[in-house]
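Keep in mind the model is a prediction, meaning the values are calculated, not measured.
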Amino acid sequence: MEAFISRKRPKTSPNTSGIQENPSPQSKPLPNEDEGSTDLKLATLSSLFPTVDQATLLDLLVSADGSVEAVFDSLSGKPEVGSPRKRPAASVGYQTSLSAFRRVGNAEPGSPAAKRRVLTKKGQTLHLYTPEDIAAHTPCSIIHNFLPAQEADNLLRELLEEAPTFERQTFKLFDNVVQSPHSACFYVDSLEERERQKTEYLYNGSYLEDIRQITPQMRTVSNKVQPAVNEEITKRIRTNYPDGKKLKYQSPYEWVPNAAFVNCYQGGSESVGYHCDQLTYLGPRAIIGSLSLGVAREFRVRKIVARDDEEPAASKDQRADAEGQISIHLPHNSLLVMHAEMQEEWKHSIHPSSVIDPHPIAGNKRINVTYRYYRESFHPMYTPRCKCEVATVLRCVQRKKENKGRYMWMCHAGLTPGKDGCTFFQWAEFDDDGEPPWAKI
């Protein structure tokens, strides 16, 4: 696994533009900047960075006013004169801004008019750090230093005291019984809701036994997460969605966090593989606010590209590039918003790490609070029941082109160890605001 650098990024000049999947160029002489054609410069850069396509190199060359040396310094991670930066481990990418990759004319960064090029490549990881680039190239936005430092530390201490009692959930995956690779606990707003959750809501086919009322510090932070997430939703709609309108099935109403899963990752080996969060109680186009505390870790996302049964080789290569993974750095006290396109169109994970920088309070632990909005119209008393007489799970078709984006209700019991479940299946229908038919009754 790549060594992950959590130290502060160095200051760079505003014209520097670069990220990389960490090329390792050989030391070669650079041409005189006043001599040679663009083709010669591109040829030189291609020999130095064989994994970077020429269109990207040309963009960087233009943004650097034709300076091969500036592009070389940008891509190789070479510090400016006087910069205190230490060279990162060989596989870690440093980046300041990808704006040169996506702007057209005077288009506002992140706007639908801005040019977007596929930057990912099969087998490579694109590392993003700045909020602007994360918003432009992923289904997420991030706010660094979200809480006042003391408040973040207080919440971290409070949850570290709770974490030793967290459990690892057991569930069935492809006929095998597996255990969650990290510990977690579920928190809700009130004692009344706590009792409802224990008897009415299924998770991976089972009822949760350890459900807790949110702590005082969590409640205080929740009141700050709510307006911040709603502001990010409004910004996302305005700058990233077609015609500045919400996505189909996205709720137009205020996002109200009324539940939270708190995850604890102890050490770099504890992780979670690529997955989509369950939509059953959140509804389609769900939005999640995720607060990271303690050790910094890598949050990786990967786009889901639909495929045909008979797909030509060229299309497979293009799809593989589009599905290439992007790594987002999640430092202590950062709020990541997973927007309305995330759960249906992308998968996400916490990548294992062989090297971590200990946190002064958390040591080798990362605490992650994922605030969620449980919508009343998706309470299991309303949703379809399968032949096993339990509430069904809501899923979205992601891989098959002919039905991509359609939702379905399926048996939930089959996810429980010791149970086979049934073959129940029903297409789910929603209005443009993501509300089911029974919400109007």
Holding to salt bridge (Lys or Arg N to Asp or Glu O under 4.0 Å), I want the full list of residues that pass it with Arg366, two or more places apart in sequence or in another chain. none

Can you see whether Tyr274 has Arg302 sitting over its ring - NZ or CZ less than 6.0 Å from the centre and within 45° of the normal? yes

Using the six-membered ring wherever Trp is involved, compare the ring planes of His329 and Tyr129 and label them parallel, tilted or perpendicular (cut-offs 30° and 60°). tilted

Atom [atom1] of [X] and atom [atom2] of [Y]: how far apart are they, to the nearest 0.5 Å?
| X | Y | atom1 | atom2 | answer |
| --- | --- | --- | --- | --- |
| Glu167 | Ser183 | CD | OG | 9.5 Å |
| Asp432 | Gln250 | CG | CD | 12.0 Å |
| Cys396 | Glu345 | SG | CD | 8.0 Å |
| Leu291 | Leu155 | CG | CG | 6.5 Å |
| Met342 | Trp346 | CE | CH2 | 8.0 Å |
| Thr392 | Met410 | OG1 | CE | 10.0 Å |

Can you check whether [Y]'s main-chain N or O pairs, donor with acceptor, with [X]'s side chain at less than 3.5 Å?
| X | Y | result |
| --- | --- | --- |
| Glu298 | Ile328 | no |
| Asn230 | Trp255 | yes |
| His275 | His348 | yes |
| Ser334 | Leu330 | no |
| Arg297 | Gly268 | yes |
| Asn258 | Tyr374 | yes |

Among Phe378, Phe261, Tyr203, whose ring pair (Phe, Tyr, Trp, His ring centres under 6.0 Å) with Tyr281 holds? Tyr203

Can you confirm whether the side chains of [X] and [Y] place a donor and an acceptor under 3.5 Å from each other?
| X | Y | answer |
| --- | --- | --- |
| Gln150 | Asn154 | yes |
| Glu254 | Tyr373 | no |
| Glu341 | Tyr241 | yes |
| Glu162 | Tyr187 | yes |
| His182 | Asn368 | no |
| Gln278 | Thr280 | yes |

Minimum heavy-atom distance between [X] and [Y], given as atom pair plus value:
| X | Y | answer |
| --- | --- | --- |
| Arg372 | Asp277 | NH2-OD2, 3.9 Å |
| Ala135 | Arg236 | O-NH1, 2.7 Å |
| Ala260 | Val369 | CB-CG1, 4.0 Å |
| Ala340 | Arg285 | O-CD, 2.9 Å |
| Gln343 | Ala286 | CG-O, 4.4 Å |

Are any of the side-chain nitrogens in [X] or [Y] under 4.0 Å away from the carboxylate oxygens of its partner?
| X | Y | result |
| --- | --- | --- |
| Arg406 | Glu429 | yes |
| Lys246 | Asp433 | yes |
| Glu402 | Lys400 | no |

Is there a side-chain contact between [X] and [Y], using heavy atoms and a 4.5 Å cut-off?
| X | Y | answer |
| --- | --- | --- |
| Gln213 | Val188 | no |
| Phe299 | Ile350 | yes |
| His127 | Ser327 | yes |
| Val301 | Gln325 | no |
| Arg399 | Lys404 | no |
| Ser269 | Pro352 | no |
| Asp153 | His332 | yes |
| Thr370 | Asn263 | yes |

Pairs where residues 220-234 contributes a residue and the test salt bridge (charged side-chain N to carboxylate O under 4.0 Å, His left out) is met, not counting sequence neighbours: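 Sorted result for residues 220-234: Glu151-Lys224, Glu232-Lys235.
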
Any chance you could lay out the side chain to side chain donor-acceptor pair (under 3.5 Å) test for Tyr407 and Glu344, step after step, and finish with the verdict? CA-CA 10 Å; Tyr407 298 86; Glu344 285 87 345; 2.7 Å; yes

